[in-house]
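What you see below is based on every heavy atom in this structure, not just the backbone, and it leaves out hydrogens, waters and symmetry mates. Chain letters run A, B, ... following the sequence lines, proteins first and then strands; every chain starts at 1.
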Amino acid sequence: MFAFLEGLNDKQRAAVEAKDGPTLVLAGPGSGKTRVLTSRIAYLISVRNTAPYRLMAVTFTNKAAREMRDRVAQFLGAGKAGDLLIGTFHSICARLLRRESARIGLDRDFSIYDADDQLNVVKAALAELKLDEKKYKPASIHAAISAAKNDLISPEAYRAESYFQEIAGRVYARYNAILRANNALDFDDLIMETVRLLQSDAAVREKVQERYAHVLVDEFQDTNLAQYALIRLFTGRHRNLFCVGDADQSIYAWRGADYRNVLRLREDYPDLNIITLDQNYRSTQTILDAAMGVIRKNPNRIHINLLTQRGHGPKIAVRELFNEDEEAQFVVDTIEELVRQRAAEPGQIAVMYRTNAQSRPLEEAFIRAGMPYRLVGATRFYARKEIKDVLAYLRVINNPADMISLRRIINVPPRGIGEKTYEQLESAARAREASALDVLTKGDLSLPGRAGRALQEFGLLWAQWVRLRNELSVGQLFDHVLQTSGYKDHLRDGTSEGEDRWANVMALRNVAIEAGDVMLSEFLSNVALVSDVDNFDETVNAPTLLTLHAAKGLEFNVVFIVGLVEGVLPHSRSLDDPEQMAEERRLMYVGITRAKDRLYLLRPFRRSQWGDSEITEPSRFLSDLPDSVVDSKLHKNSELLQATTVWQRQPNKAPAGARFQPGDRVVHPRFGEGLVLRSTLVRDDEEVEVFFFGAGGKRLSAAMSGLKKIRG
DNA sequence: CTTGCTACTCTTTTT
DNA sequence: GAGTAGCAAG
C-alpha cells in the first residue's frame, strides 16, 4: 500500500489513478484537490515509474508550489521531489526564457518589470508620444495593454474598437519597444513570449514536449487565454494533462482568467476524463450550507452539492457594528474570548476583507489590544520604496540597459544629477545605441560643470560594481553597493522611520545571503516573482489579516469577514455588470469556505471614507444565507438610523452625576454593543436607555445590568 | 538642484 | 484623510 493513497475516497482515488490522457478534476472547496494533485505526482513516479524530471506541475503561487513539493517529498523523499519541475506559470516561463533568451532577441540577464515599473514604462511611452497623462490614465492604458497580452494580441495585431483603444494601441507599441530597448520583460510577457517562442520554434517546442511527459495544473479556473495556450503547447502530442479546479472559485477574471477554458478543454480534448469531487473535508455543514446559499444565485453554473461528515457545528454569527472601528474592536474582543476559552489557536484565526485599505482599522485595534497579528499584502514588502531602490541598484548592475531602474536610483541619494542631466544621458545613449553605462565609461558625453562631474563619478562607481558582479556573491555585492553608493547613509538619517526602512533593507539582505551563490539575474528573477502569501509565516501563532483574494487556497478554524456592505462586498465597481457581480459572489463564496468551524460575518452600519462617514446598506450576500444557519437576523436600516438620530436630535445632557451620556458607545454582556439614547437618575441608581445594534432598544439599570462604556 | 509647500486624486482584487 | 504630483522659492 502506498502512503499517498491512504485515506482517499473512491473518487479521489479514481482521479489519482486515472489512465494517461487529458483529465480534469472539478471539485468544490475543501475536497482535497491539491492532495489529489500531489498524490497523482507520487503515483506517476512510484507506480507508473515516470522519472521525476519528466513531470511539470504548474501553480499560481510559489507557496502552493512549495507546499506541493514538500508533500511529494513526504511521500517519496527529498531527492525525487528535487527533480520535479514544480513552479508558477511565471517562474517556469522565466526559466525557460532565460535559457532560450537569444531566440527571442534578449540578453539572458533581462529584467522583469513589476506593476510599478510597468506604470513607469507607460508614462515614458505617453511622454514620447506627447500624450497627456491626465487624459489617458497610465493605469487604464496599462490595463488595456495587459489585457491584450493575456489574450496573446501583439501590438501589430491590436485592433482598436474605440478612441481610447486607438490610443492604447499606439502606447502599446511604444511600451513594448521601450521594454525591449531596456532588455526587459513585464509579467505578461513572460507568458506571452513563451507561447510565441514555443509556437514559432519547433526545436524548442519539441524539446519541452519530449522532456515533460506529464503536465499537471492547479487552480485551472484561474488560467487566462495565454496560460491556456501555454498548457496546450507544453502538453503537445502526449496529451498527458491533469488539471484540477473549481469554476465557483474563479476570482481572477479581471486579470484575464477565463473560466471558459474549461469549455475549451472539453472541445480541444473530446476524450477529456472529467471527475467531480463533492465530499468536503474542511468545513461544518452549517458553513457549507451558507456557502451554497450564496453561490446558488449565480447563473450558468454546474452546482456541486457540498457535503461533509463533520456535523453542523456552531451557527454563523452575523453582527452589525456601528462603524469600522467598532467592527475591528469586535473582532479583537471576540478573538480574545475565543482564545481565553481555548476554542481556537490565534494562528488558526483569519480576518478577511475585500480591499487592502480595510486592514487599517483592524491593525489599529490589534495594536491597541497589544495582540500580535500577521498581515498579508497591503504595502507589500517588495513594493516598498527602499526595497525597490536597492533592487534597482542590483538591476542596473545585472542589466545596464535597464533605464527604468537607472532613473530610479541615479539621484538617490542626491548626487546632483537632476532630471535634465538624466535626459541628456538618456538621449546620448539612444543616439549611440549604447547603454548608459557605455556612454559614461567611454567618456564621450562630456557635460560641463557640476553635472558633468557628478555623472562621471557615478559612471566610475557603476562600472566598478559591474566588474565586481562576477567576483562577489549576491550577498557581498549587496553590502558593497549599499556602502559605496551612499544609500546606507542616505537611508539611516537618524529618524526612526529611517531605521524602519533600514530594517527592511536588512531583511532583503538576508534573502540575498540565503540565496548563496546563485547568479545575480536568477536572484532578481526570484524576488520579482514572489507573492505576498509566499512570505506568510506559518510558525507565528497569531491571527492573520488578508484580502479575500489572498485567502484562496488557505483554511482557518475561525474566519471573520468584515465590511459586508454594498459597495465594498460586492464592490461598487461591480454593481452594474452581471459578470463582475457574479465574481463578487464567488469571492464571498471563497471567503466563507475558508472556515473550518466558526464563521463571523460583520456589517458596519456606518462607513467612513474621504474623511466623513455615511450610512451603509448590508451586503446582498447576507440575505442569501439560509435562515437556519445564522444566529440572528439583520436590522432594518431605519431601526439603526433611529437609534443614532434620536440622540443627535436630543442633545440634552444626562443629569449631573450620571455615568452614561447620550451618544456614549456601550457594551452589554448579553446584548453586545449599542448606543446610549438617554439616561435618568432613579433614586441611587441610573436608568439607561440603549439601542443595541444586535438586539434593539432596551432600558437597563446602570448598576445591575453590567453595562460598560467603550473607551473614554 | 533641492526642499518645502499646496492642490489634487484616490479605493478593488495580483503573478 | 493621506499620499503624491506639481510648482515656487532658496
A.B. asks: What residues form a ring-ring contact (aromatic ring centres under 6.0 Å, His included) with A:F187, not counting sequence neighbours?
C.D. replies: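 For A:F187, the residues satisfying ring-ring contact (aromatic ring centres under 6.0 Å, His included) (neighbours in sequence not counted) are A:H90.
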
A.B. asks: If I take atom CG in residue A:L190 and atom P in nucleotide B:dT15, what distance separates them, rounded to the nearest angstrom?
C.D. replies: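 One finds 14 Å between P of B:dT15 and CG of A:L190, rounded.
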
A.B. asks: Measure NE2/A:H490 against P/B:dT3 and give the value in whole Å, please.
C.D. replies: 9 Å

A.B. asks: Quick check for you: among B:dT2, B:dT15, B:dT14, whose closest atom lies nearest to any side-chain atom of A:H549?
C.D. replies: B:dT14

A.B. asks: Can you pull every protein N or O that's under 3.5 Å from an N or O on nucleotides 6-10 of chain C?
C.D. replies:
none

A.B. asks: What integer number of Å spans the C1' atoms of C:dG6 and B:dT11?
C.D. replies: 23 Å

A.B. asks: Once you round it to whole Å, what is the distance between P of B:dT15 and CD1 of A:I251?
C.D. replies: 11 Å

A.B. asks: Can you tell me if A:N411 touches the phosphate of B:dT2, counting only side-chain N or O atoms and a distance under 4.0 Å to OP1 or OP2?
C.D. replies: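 Affirmative; the distance criterion is met.
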
A.B. asks: Identify which nucleotide among B:dC1, B:dT15, B:dT14 has an atom closest to any side-chain atom of A:T421, counting heavy atoms from C-beta outward.
C.D. replies: B:dC1

A.B. asks: Rounded to whole angstroms, how far apart are CZ on A:R360 and P on B:dT11?
C.D. replies: 15 Å

A.B. asks: Between A:L599 and A:L601, is a side chain to side chain contact (heavy atoms under 4.5 Å, CB included) present by the stated rule, with each step listed?
C.D. replies: CA-CA 7 Å; A:L599 179 61; A:L601 302 177; 3.9 Å; yes

A.B. asks: On a whole-Å scale, what distance lies between the C1' atoms belonging to B:dT13 and C:dT4?
C.D. replies: 23 Å

A.B. asks: Whole angstrom is fine here: how far is it from CG in A:D188 over to P in B:dT14?
C.D. replies: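 In whole Å, B:dT14 P lies 16 Å from A:D188 CG.
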
A.B. asks: A:Y589 ring centre to A:R586 NZ or CZ under 6.0 Å, with the angle to the axis within 45°?
C.D. replies: no

A.B. asks: Using whole Å, report how far CZ of A:R95 lies from C1' of B:dT15.
C.D. replies: 18 Å

A.B. asks: Does anything in residues 408-417 of chain A form a salt bridge (charged side-chain N to carboxylate O under 4.0 Å, His left out)? List the pairs, not counting sequence neighbours.
C.D. replies: A:D116-A:R408, A:D389-A:R408

A.B. asks: To the nearest angstrom, how far is A:Q249 atom CD from B:dT13 atom P?
C.D. replies: 20 Å

A.B. asks: Between B:dC10, B:dT13, B:dT15, spot the one nearest the side chain of A:T355, thanks.
C.D. replies: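 Selected nucleotide: B:dT13.
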
A.B. asks: Measuring from the side chain of A:P414 (C-beta onward, heavy atoms only), which nucleotide among B:dT11, B:dT15, B:dT2 has the closest atom?
C.D. replies: B:dT2

A.B. asks: Between A:P413 and A:H90, just flag the one whose closest nucleotide in DNA chain B comes earlier from the 5' side.
C.D. replies: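 It is A:P413 whose nearest nucleotide is closer to the 5' end.
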
A.B. asks: Are OP1 or OP2 of B:dC10 and a side-chain N or O of A:K137 less than 4.0 angstrom apart?
C.D. replies: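 The answer is yes; a side-chain N or O of A:K137 sits under 4.0 Å from OP1 or OP2.
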
A.B. asks: Just call it for A:Q227: base, sugar-phosphate, or nothing, with non-hydrogen atoms closer than 4.0 Å on any strand.
C.D. replies: nothing

A.B. asks: In whole Å, I'd like the distance from the CZ atom of A:R585 to the C1' atom of B:dT13.
C.D. replies: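 Interatomic distance, CZ of A:R585 to C1' of B:dT13: 18 Å.
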
A.B. asks: Judged by modelled atom types alone, do A:N261 and A:R264 share a side-chain donor-acceptor pair under 3.5 Å?
C.D. replies: yes

A.B. asks: Does A:T547 have a side-chain nitrogen or oxygen under 4.0 Å from the phosphate oxygens OP1 or OP2 of B:dT14?
C.D. replies: yes

A.B. asks: What contact category does A:I417 fall into here, base, sugar-phosphate, or nothing, at under 4.0 angstrom with non-hydrogen atoms?
C.D. replies: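 Sugar-phosphate: the residue A:I417, judged by heavy atoms under 4.0 Å, touches backbone atoms but no base.
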
A.B. asks: What orientation do A:H142 and A:Y175 show, parallel under 30°, tilted 30 to 60°, or perpendicular over 60°?
C.D. replies: tilted

A.B. asks: Let me know, please, whether A:G416 or A:H571 comes out on the 5' side of the other along DNA chain B by nearest nucleotide.
C.D. replies: A:G416

A.B. asks: Among B:dT11, B:dT13, B:dT15, which is the nearest nucleotide to the side chain of A:N356?
C.D. replies: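 Taking heavy atoms from C-beta onward, the closest nucleotide is B:dT13.
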
A.B. asks: Quick one about A:S525 and A:R98 (side-chain donor to acceptor, distance below 3.5 Å, no hydrogens or angles considered), yes or no?
C.D. replies: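 Side-chain D/A pair, A:R98 to A:S525: present.
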
A.B. asks: Return yes if some donor-acceptor pair links the side-chain N/O of A:Y487 with the main-chain N/O of A:V412 below 3.5 Å, else return no.
C.D. replies: no

A.B. asks: Look at the side chain of A:W254 and decide which nucleotide, out of B:dT15, B:dT13, B:dT2, has an atom nearest to it.
C.D. replies: B:dT13

